[in-house]
Amino acid sequence: VHTKYVHRVCANSRFLVSASHDHTVFAWNLDTRQVLKQFKFSATCEALCFFSETQVLIGVRESNCLRLIDLEKCMEDEYE
């Protein structure tokens with residue numbers, strides 16, 4: 001679970017993704033109500049939206065990069 005307050009939440013019919021001031025993003029499976037994976041960043045996640053049914057686009061403060069997380073594979077790619 002997050003250790004500081006959640007300030008971004010994004011959901012679709014399968015997944016919920018939450019971002020917190022503790023520099024973490026949690027991906028949840030809505031069917032099982034279980035955490036799929038926790039992603040830890042060097043700064044706060046400022047932007048969070050679904051890019052596709054299974055991919056989330058994330059912007060992290062001070063990184064100047066976008067991150068694309070595939071929720072089915074629980075993998076992250078970084079784009080400058």
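It should be emphasised that the depicted structure is a prediction, and the values quoted were computed from it without experimental measurement. Excluded from the calculations below are hydrogen atoms, water molecules and symmetry mates; all remaining heavy atoms, backbone and side chain alike, are included.
- Distance check: Gln38 CD to Ser18 OG gives 9.5 Å after rounding to the nearest 0.5 Å.
- Residues Phe15 and Thr54 form a side-chain contact, since some pair of their non-hydrogen atoms from C-beta on lies under 4.5 Å apart.
- Residues Ile58 and Leu66 form no side-chain contact, since every pair of their non-hydrogen atoms from C-beta on lies 4.5 Å or further apart.
- The SG atom of Cys10 lies 5.0 Å from the CG atom of Leu48; values are rounded to the nearest 0.5 Å.
- Remark: Ser52 OG to Asp70 CG distance equals 7.0 Å, nearest 0.5 Å.
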>> Evaluate Ile69 against Phe51 for side-chain contact (heavy atoms from CB on, under 4.5 Å), listing each step before the verdict.
In response: CA-CA 9 Å; Ile69 294 176; Phe51 184 73; over 6 Å; no
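- Looking at Glu53 and Asn12, their side chains come closer than 4.5 Å, going by heavy atoms from C-beta outward.
- When hydrophobic clusters are built by joining Ile, Leu, Val, Met, Phe, Trp and Tyr residues whose side-chain heavy atoms come closer than 4.5 Å, directly or via intermediates, Leu30 is grouped together with Val35.
- The backbone N or O of Arg61 sits nowhere less than 3.5 Å from a side-chain atom of Thr44 that would complete a donor-acceptor pair.
- Tracing side-chain contacts under 4.5 Å through hydrophobic residues (I, L, V, M, F, W, Y), one never reaches Val1 starting from Val6; they form parts of separate clusters.
- The salt bridge (charged side-chain N to carboxylate O under 4.0 Å, His left out) contacts involving residues 4-17 comprise Arg8-Glu46, Arg14-Glu72, where partners must be two or more places apart or lie in separate chains.
- For Arg67, the salt bridge (charged side-chain N to carboxylate O under 4.0 Å, His left out) test picks out Glu76, Glu78, with sequence neighbours left out.
- Between Phe26 and His2, the ring planes lie perpendicular to each other; the angle is over 60°, past the 30° to 60° tilted range.
- Between the SG atom in Cys45 and the CZ atom in Phe39 there is a gap of 11.5 Å [rounded to 0.5 Å].
- Residue pairs meeting the salt bridge (charged side-chain N to carboxylate O under 4.0 Å, His left out) criterion with at least one partner in residues 22-44, sequence neighbours excluded, are absent.
- Between Phe41 and Ser63, every side-chain heavy-atom pair lies at or beyond the 4.5 Å cut-off.
- Between Trp28 and Leu36, every side-chain heavy-atom pair lies at or beyond the 4.5 Å cut-off.
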